[in-house]
Amino acid sequence: MADFVAILKKALDKHGDETPEKRTRIYDSVGSMLAKKLAEYSPPLAAEAIAGHKRSLEDAIASVEREYTKSVLEADPLAELELIFSSIDRNKYHPSHARMPMKTEPAWQRPARSKPRNKPPPELDQQVAETVLEIGGISPDYVPSKPSSPSSPSSSKPPEPTTTAGPHYQIRGGKLASSLSPPGDAEIEMQRKLHSNLKAAVRDAVALIPSIKNRFPELSRTVEAYEQIVDCETEQLDVVNLWSVGGALYGFESAYRSQNVIRTLSEPIEPQIESALHNIARLHGAFIMGFEEGRDLVSRSDAFMHEEELVNSLREPGDKLIAIFSENADLVEARTRAVTKPIADYVHEFGWTGTRTGYAAHIIVKNGILAILRALIGKPTSALDAAGKVMTLGAIVGGVSNAEFARVALPILLRNASTILAFVNHSPEFRAYVEWALAVLHEDRK
């Protein structure tokens, strides 16, 4: 049985417990989410087991509230009178629970409301509840409810989202791999000279990297990844990777330069290296704007930066997911991981807000999730055998069956289902498709 007391305390510490109303919202959300998750177990849990989980949560809520009440009374003796007066004619949480303690200490009461609430708790409370229950071990794996029949509305396929501008992925050699995004013919000649200057600036910086590799490994990896992208002919450039890794390099350069100025770095970057990095950042800014796709990505990322509340909501699930795309060698090919790693390093160290790199991280994760789902579900059909070991997509990429990819990707996808749903929660259409796809894959896996 989950230790709900410790779990609730952790959630309240994280999300704030300033008022009884705020705690009530969290308790209500956890109770509703617990009931939903218990009902979704397959095979169904016994009635005694369900009742035991619910009693455990109710007892935990009462215990946590007694501690809050006690701390209030110790701080202000007159608060006991207010608590008694405010508790008159007010219902207790889950009044049907006969084992609630008698009032030797004031038990938790629902706070009075000045006017009826017509709206349910905000979506954030549902996310808190999901997090609490996941931490508590209630639902370690994604277990969606089974559609009643193939023709029922719950099993009908929602519209498939389109891939956002940015990296596109395919399955290559049984692993997820980014597709090349070359410049347009009209852009190549115009950009050759600036490309040549940029390559020279990068070579100068790379020659200096050994002196900072141990002190600034993330910055060093970013410079080396950027060199791999620009060290080619102009017509062979990958504009999307150029934009994303160059943005991360610009972000690192700017952040470390600012920290040098205010002396927050324990070992400042030498002036020669700082100057070389600044030269690359300056040339990159001019170079990327010479490509139509680059300008589009800059415009989209600038708009994304202003959605601060949205960007902040992405960080926690996004950090977990982009770590998978940048580190999992079984799922993602080496070249694609090398390009993703600088973006992951940057957002882990400096966050998702304030720079264009947050948008790069967002579309890497979003497009990557969509590519995996498409590969596993297939177009137009796919099937897993009863043991979940073989997949038939009818599509062979480079002579390698997607079955190898499915064996690796499916457990990762289902194991991280709650995190994925939290990441796409801001988009109802995308979330609906992800929920449908996860339900299909879960049924196929069984």
Side-chain angles (χ1 to χ4, degrees), residues 141-142 144 157-181 240-241 244 314 317-341 343-344 360-384 388-398 400-425 427 429-446:
D141 288 314
Y142 181 74
K157 180 179 178 180
E160 184 174 299
T162 58
T163 303
T164 307
H168 290 207
Y169 297 97
Q170 59 181 301
I171 310 306
R172 188 164 57 231
K175 296 186 179 182
L176 194 69
S178 58
S179 302
L180 184 66
S181 182
V240 172
N241 286 339
S244 59
L314 296 174
D319 276 351
K320 296 176 183 177
L321 295 173
I322 200 166
I324 294 172
F325 285 107
S326 63
E327 297 172 8
N328 194 310
D330 294 327
L331 179 72
V332 185
E333 69 160 16
R335 175 180 171 274
T336 302
R337 282 186 285 114
V339 171
T340 307
K341 185 61 175 171
I343 289 85
H362 173 242
I363 57 177
I364 285 170
V365 172
K366 185 178 178 180
N367 290 353
I369 291 170
L370 183 55
I372 292 173
L373 292 176
R374 284 173 173 168
L376 293 179
I377 293 176
K379 287 188 174 185
T381 59
S382 66
L384 289 168
K389 296 179 179 178
V390 179
M391 187 163 208
T392 305
L393 287 171
I396 304 297
V397 181
V400 179
S401 170
N402 280 332
E404 180 184 348
F405 178 75
R407 282 193 293 269
V408 172
L410 185 59
I412 293 173
L413 200 66
L414 296 180
R415 190 165 56 245
N416 293 280
S418 297
T419 303
I420 293 170
L421 290 172
F423 184 82
V424 302
N425 194 53
S427 172
E429 296 81 6
F430 199 97
R431 182 182 171 105
Y433 177 79
V434 171
E435 286 180 328
W436 169 84
L438 290 173
V440 170
L441 292 170
H442 178 75
E443 290 303 311
D444 281 348
R445 188 189 194 193
K446 293 195 299 183

Trainee: Rounded to the nearest 0.5 Å, what separates atom CD1 in I171 from atom CZ in F405?
Mentor: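 Those atoms lie 3.5 Å apart.
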Trainee: Report the residues that fulfil ring pair (Phe, Tyr, Trp, His ring centres under 6.0 Å) with F430, sequence neighbours left out, ordered by chain and then residue number.
Mentor: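 Once residues adjacent in sequence are excluded, F430 has no partner under the ring pair (Phe, Tyr, Trp, His ring centres under 6.0 Å) criterion.
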Trainee: Would you please name every residue forming a side chain to side chain contact (heavy atoms under 4.5 Å, CB included) with D330, sequence neighbours left out?
Mentor: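 Result, side chain to side chain contact (heavy atoms under 4.5 Å, CB included) vs D330: N328, V408.
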Trainee: Which residues satisfy the side chain to side chain contact (heavy atoms under 4.5 Å, CB included) test with A344, sequence neighbours excluded?
Mentor: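 Only I322, S326, H348 meet the side chain to side chain contact (heavy atoms under 4.5 Å, CB included) criterion with A344.
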Trainee: side-chain hydrogen bond (donor to acceptor under 3.5 Å, both in side chains) with S427: which residues, sequence neighbours excluded?
Mentor: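 Partners of S427 by the side-chain hydrogen bond (donor to acceptor under 3.5 Å, both in side chains) criterion come out as none, since no residue qualifies.
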Trainee: How long is the gap from CD1 on I343 to NE2 on H362, to the nearest 0.5 Å?
Mentor: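 Taking CD1 in I343 and NE2 in H362, the distance rounds to 14.5 Å.
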Trainee: Can you confirm whether I412 sits close enough to I372 that some side-chain heavy atom of one is under 4.5 Å from a side-chain heavy atom of the other?
Mentor: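 No, their side chains stay 4.5 Å or more apart.
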Trainee: Under the side chain to side chain contact (heavy atoms under 4.5 Å, CB included) rule, collect the residues that match up with A371, sequence neighbours excluded.
Mentor: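 So A371 forms a side chain to side chain contact (heavy atoms under 4.5 Å, CB included) with Y169, L176.
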Trainee: Which atoms form the tightest heavy-atom contact between S178 and N241, and what is the distance?
Mentor: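 Minimum heavy-atom contact is OG-ND2, 4.1 Å.
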Trainee: Considering non-hydrogen atoms only, spot the tightest contact between A177 and E333 and give its length.
Mentor: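 For A177 and E333, the tightest heavy-atom pair comes out as CB-CD, 3.3 Å.
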Trainee: Can you name the residues that form a salt bridge (Lys or Arg N to Asp or Glu O under 4.0 Å) with K341, not counting sequence neighbours?
Mentor: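 Partners of K341 by the salt bridge (Lys or Arg N to Asp or Glu O under 4.0 Å) criterion, ordered by chain and then number, come out as E327, D345.
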Trainee: Measure the spacing between CG of L410 and CG of L438 and express it to the nearest 0.5 Å.
Mentor: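 Going from the CG atom of L410 to the CG atom of L438 covers 9.5 Å.
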Trainee: Minimum heavy-atom separation for E160 and Y433, please, with both atom names.
Mentor: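 Shortest heavy-atom separation between E160 and Y433 comes out as OE1-OH, 3.4 Å.
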Trainee: Locate the shortest heavy-atom distance separating G166 from V240; write the atom from each residue and the value.
Mentor: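 Minimum heavy-atom contact is C-CG1, 3.6 Å.
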Trainee: Please report the closest heavy-atom contact between V339 and S244, naming both atoms and the distance.
Mentor: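 V339 and S244 have their closest heavy atoms at CG1-OG, 4.4 Å.
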Trainee: What pair of heavy atoms forms the shortest contact from F325 to I369, and how long is it?
Mentor: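 Scanning both residues, the minimum pair turns out to be CZ-N, 3.8 Å.
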Trainee: Side chains of K366 and V424: closer than 4.5 Å at any heavy-atom pair?
Mentor: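 With C-beta onward as the side chain, the pair stays apart.
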Trainee: Just wondering, do K320 and N416 contact through their side chains at under 4.5 Å, heavy atoms?
Mentor: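 No, every pair of side-chain atoms sits at 4.5 Å or beyond.
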Trainee: How about V332 and T340: do any of their side-chain heavy atoms sit closer than 4.5 Å?
Mentor: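 The answer is no, as the side chains (C-beta and beyond) never meet within the 4.5 Å cut-off.
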